[in-house]
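Notes for the one structure printed next.
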Amino acid sequence: MTAAKITGALAATFAISYAFDVLMADKKLFGGTTPKTVIDKEWWKATDKKFQAWPRTAGPPVVMNPVSRQNFIIKSS
């Protein structure tokens, strides 16, 4: 019986959280608009191109992590 209550409470919590997320982010409950930089795909491509063309003066080659925009050194085998 306890496991059923915990499972039901977790499911209800996720449902309520999802509903509030949709209301706040998608339906803009408190007003506001989505920034142009988020909507515009051309801006996104130009920004990504700029980050990938980041000049390096010394050191081993690196690759840019697209999620966190951190650089990681590429180790050659």
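Start at 1 with the first residue, then count along the sequence. Since we're looking at a predicted model, the values are computed, not measured.
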Who passes side chain to side chain contact (heavy atoms under 4.5 Å, CB included) against T13, sequence neighbours left out?
S17

Connected-component partners of V22 among ILVMFWY, side-chain separation under 4.5 Å:
Y18

Sequence neighbours excluded, which residues qualify as side chain to side chain contact (heavy atoms under 4.5 Å, CB included) partners of I39?
T34

So, taking the atom named CD in E42 and the one named OG1 in T47, what distance separates them when rounded to the nearest 0.5 Å?
11.0 Å

Would you say K27's side chain and M24's backbone share a donor-acceptor pair under 3.5 angstrom?
no

